[in-house]
Structure formats: structure tokens, C-alpha cells
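Hydrogens, waters and symmetry mates are skipped; everything else that's a heavy atom, side chains included, is used. Just so it is clear: chains get the letters A, B, ... in the order the sequence lines come, proteins before strands, and each one is counted from 1.
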Amino acid sequence: MPSSFTIPVPSDFDLKRDLCSYGYFLLAPNHWDVRRQVFTRTLLLDDRAVTLRVSQKSTGSPLKVAADATLSRMGRDEATRQISRMLRLDEDAAHLAAFHAVDPRWGESGRGRIMRSPTLFEDIIKTVTSCNVTWPSTIVMNRRLCEVLGKQSSSGLFAFPDAKKLASARAQTLRARCRVGYRDARIIELAKLYLKAERGGRPARQTAKPTTKPSTKAAPLIDLAVLNDLATSDDMIFKSLVALPGIGPYAAANIMQLLGRYARLPLDTESVRHGRTLLGFKGSSAQVMRKVQAHFKPFGDHAFRSYWFEMWAFYESKHGPAWTWERDSTGKMFTAAQLSQ
DNA sequence: GGTAGACCTGGACGC
DNA sequence: GCGTCCAGGTCTACC
């Protein structure tokens with residue numbers, strides 16, 4: 001009999017607001033049903049793909065989770081852990097109050113949580129698939145990664161491929177079938193490094209043959225204990241991330257916010273557009289980026305959240321609340337590049 | 001340290 | 001339908 005269970009949430013938690021708070025909610029294998037207000041996500045649980053349907057009656061009420069398979073106690077615990085990570089349930093009202101004290105603009109709406117992936121690995125790969133492409137290509141890459149390499153649940157839906165699967169994938173497959181282009185070798189390298197980290201430092205099996213030359217960055221290493229340790233400085237985290245293949249300053253800063261470190265801004269062309277159109281900054285792209293950086297510096301450890309919700313509010317002013325965006329229509333054009341047209 | 005050009009894909013556009 | 005141009009962040013070579 002399929003499992004169903006509940007997950008307690010902070011009193012201010014609002015599923016539709018807090019899930020639909022970052023573009024990743026539009027990327028496979030995530031799916032938000034606008035009409036039913038149900039979040040569907042397939043996870044790897046009990047060594048197989050299980051599709052979960054998550055809903056909430058009202059703000060602060062527990063999440064109702066319905067699985068399409070029977071889960072063991074360990075499977076339910078793992079599902080709870082992964083969903084909690086995605087929805088940042090560890091960030092309670094007191095935690096968000098610190099942000100709202102620094103930037104009161106979001107106090108009334110309660111904005112503060114920024115959706116992420118169930119694992120750091122998926123966050124890293126999703127970040128790589130968002131670099132040097134337009135948003136529709138990112139959507140395609142994630143969908144194909146799931147369809148080509150992800151496990152399928154009994155509902156016919158796919159999970160995101162884990163590090164083991166991507167570490168042993170062929171670069172040719174990633175390029176030709178998942179349409180990741182030159183990112184093929186970098187994704188495989190990242191998967192191997194992550195797998196090594198998960199296994200406590202043991203090297204992954206060498207099976208993939210990259211179609212392009214792998215990165216020549218010096219001695220990249222993923223140390224999960226260091227990345228998750230609050231005592232590690234932001235500078236050290238940033239330095240270790242930019243040493244990874246396919247990760248530059250933008251990607252590193254983005255992964256940092258996904259880790260819950262909000263002091264740095266992932267500056268990209270969106271930042272420049274935002275700086276010019278909303279903040280009124282003038283000058284070259286580099287100059288505008290520096291001005292955007294300086295503009296949000298007073299928000300200190302919460303800089304990214306102030307920056308992000310300001311941009312998100314701009315997107316919503318153009319196309320309505322994010323929880324009304326359909327993945328295949330509005331969701332394909334939510335970046336400022338499209339919305340400003 | 002700063003900069004130019006290559007890396008890929010998909011969409012827009014002109015013919 | 002085809003060819004060309006462009007957007008997008010990272011990486012390497014070069015100055």
C-alpha cells in the first residue's frame with residue numbers, strides 16, 4: 001500500500017510562496033501543479049525512484065506527502081530530510097526575523113526562504129546547466145538529464161540522476177542526448193568528485209571518456225564536511241568552489257546561497273539588467289556589476305536575499321505570483337531578459 | 001591582473 | 001528550409 005505521511009513545518013511556512021521562490025522549482029524533476037497547488041517530485045528512496053505529491057492545507061499546517069510506493073521507515077525519514085532541505089524548513093520564523101530586521105520590505109509578505117534541491121549535488125549540476133545558456137536551454141538540459149539518466153518511478157516520472165550515475169555516464173551521451181554541450185566532461189568530473197566526497201575520499205571508477213578536454217584547474221576537491229560546516233569562512237568556501245571544473249565566480253556564489261550563505265551575490269547579465277532598469281545604474285557591464293554589489297553590501301549576510309527578492313518581485317510584477325506560472329509557458333520566460341521585452 | 005576568443009545550444013531573423 | 005547572428009559564464013592563452 002502506498003505510503004502517506006506528514007512533515008511538520010514552521011508556523012509561517014507557506015508551500016506555494018516558499019516553493020515558488022527560485023527558478024529551480026520550474027526545472028525537472030520538480031513540478032508544481034498550479035491548479036491543484038500540489039508539488040510533485042520523484043526522489044531516490046529505498047534504492048528506487050518514488051514519486052511524492054506534497055500539499056499543504058494552509059500556512060503553517062503540516063505538509064501532506066503521498067508516495068506512489070510503500071516506503072520503509074528509513075525511506076520516509078530520508079524523504080522528510082530531502083523535502084526539508086528543498087523547502088528550507090530549518091529556517092524558522094526566528095531565523096527569518098533576522099533577515100526582515102535588515103530588510104523590512106519582505107516582512108509583510110514573509111518572503112525569506114529560497115527553494116533549492118534535495119541534495120547539494122543536484123544544486124551544483126543545476127547551477128552548471130544554468131551557466132552560459134538562456135533559461136529555455138537550462139529547462140531542456142534538466143529534463144533530458146532526468147529522462148535519459150534518471151530512474152523512473154511506478155508513476156512513470158523520473159528522478160534526478162545521482163552522482164554515481166553521472167560519474168559513470170558517457171560524455172557522448174550527455175552531449176548528444178542531454179544537450180549539455182561542452183559541459184559534458186565538466187559534469188562527469190563534478191560527479192566523480194562528489195562521489196569521492198560521499199565515499200570519504202576514495203576515487204570513483206574511471207569509465208567515462210570525455211569528448212572535450214577536462215578542466216585543468218589545480219587539485220579540485222569537494223569536502224562535504226567543510227562545505228557544511230558553519231565555522232568555515234565564506235572566503236574558504238568560495239575558493240574551494242571556484243577550483244571545481246565548470247564553476248566560476250557566478251556559479252560559486254550561487255552554490256553558496258544554495259548552501260545558506262547569503263553574503264555574496266552571483267552577478268550575471270541579469271544583475272546588469274536589474275542594475276540598469278530598476279536601480280538606474282549607468283556605465284559598462286563591469287561598472288554596473290560593481291554598483292549592484294555595492295548597493296546590496298549594507299544588507300551584509302542577507303545581501304543575496306534582498307537582491308533576489310527584489311528581482312523576484314520584478315518578475316512577479318510582470319507575470320503575476322510565481323505560484324501561478326506554468327512550467328511550459330510563463331515558466332520558460334521568467335528571466336528579466338524576456339520579461340523586459 | 002586584465003583581456004580576447006573559443007566553447008555549445010537554441011532562438012530570432014533575413015532571405 | 002537554410003544560413004547567420006546572438007546570448008550566456010567559464011576557461012585558457014596571451015600580453
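- Atom C1' of nucleotide B:dT9 and atom CZ of A:Arg144 are separated by 10 Å, given to the nearest angstrom.
- For B:dG10, neither phosphate oxygen OP1 nor OP2 lies less than 4.0 angstrom from any side-chain nitrogen or oxygen of A:Thr134.
- Salt-bridge check for A:Asp162 with A:Lys164: failed, with every basic side-chain N at 4.0 Å or more from each acidic carboxylate O.
- Considering only residues two or more places apart in sequence or on other chains, A:Thr269 meets the side chain to side chain contact (heavy atoms under 4.5 Å, CB included) condition with A:Arg273.
- Between the CG atom of A:Asp184 and the P atom of C:dC11 there is a distance of 14 Å, rounded to whole Å.
- One can place CD1 of A:Ile247 at 15 Å from C1' of C:dG8, the figure rounded to the nearest angstrom.
- Contacts classified as side chain to side chain donor-acceptor pair (under 3.5 Å) and involving residues 285-299 of chain A (residues at least two apart or in different chains) are given here: A:Ser284-A:Gln287.
- Under the 6.0 Å distance and 45° angle rule, A:Arg264 counts as a cation-pi partner of A:Phe238.
- Checking side-chain atoms of A:Arg179 against main-chain N and O of A:Ala176 turns up a donor-acceptor pair under 3.5 Å.
- Nucleotide C:dC11 holds its P atom 10 Å from the CD atom of A:Glu189, rounded to whole Å.
- Checked against the 6.0 Å centroid threshold, A:Phe25 and A:Trp323 do not count as a close aromatic pair.
- Atom NZ of A:Lys16 has more than 12 heavy atoms from other residues, nucleotides or ligands within 6.0 Å.
- Remark: P of C:dG9 and CG of A:Leu244 are 19 Å apart, rounded to the nearest angstrom.
- In this view, A:Ser117 and A:Tyr24, A:Glu122, A:Asp123, A:Lys126 satisfy the side chain to side chain contact (heavy atoms under 4.5 Å, CB included) rule, not counting sequence neighbours.
- Of the side-chain N and O atoms in A:Arg179, one or more sit less than 4.0 angstrom from OP1 or OP2 of B:dG10.
- Look at NZ on A:Lys126: it is 19 Å from C1' on C:dG8, rounded to the nearest Å.
- Rounded to whole Å, the distance from OH on A:Tyr182 to C1' on C:dC11 is 9 Å.
- In the set C:dC11, B:dG10, B:dC7, B:dC7 carries the atom at the smallest distance from any side-chain atom of A:Asn132.
- Distances shown here put a side-chain N or O of A:Arg273 below 4.0 Å from the OP1 or OP2 atom of C:dG8.
- In this model, the phosphate group of C:dG9 is not approached by any side-chain N or O of A:Ser130 to a distance below 4.0 Å at OP1 or OP2.
- A close approach under 4.0 Å does occur between a side-chain nitrogen or oxygen of A:Arg175 and OP1 or OP2 of B:dC8.
- With sequence neighbours excluded, the residues forming a side chain to side chain contact (heavy atoms under 4.5 Å, CB included) with A:Met289 are A:Leu267, A:Val272, listed by chain and number.
- Comparing the axis of the opening five pairs of the helix from B:dG1-C:dC15 to B:dC15-C:dG1 with that of the closing five pairs yields an angle of 40°, rounded to 10°.
- With hydrogens and angles left out, the side chain of A:Tyr250 and the base of C:dG8 share no donor-acceptor pair within 3.5 Å.
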Review item, nucleotides 2-6 of chain C N/O atoms under 3.5 Å of protein N/O:
none

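- In this structure, A:Asn142 places its CG atom 14 Å from P of B:dG10, rounding to the nearest Å.
- In this structure the side chain of A:Arg177 never reaches within 4.5 angstrom of the side chain of A:Arg144, judged on heavy atoms.
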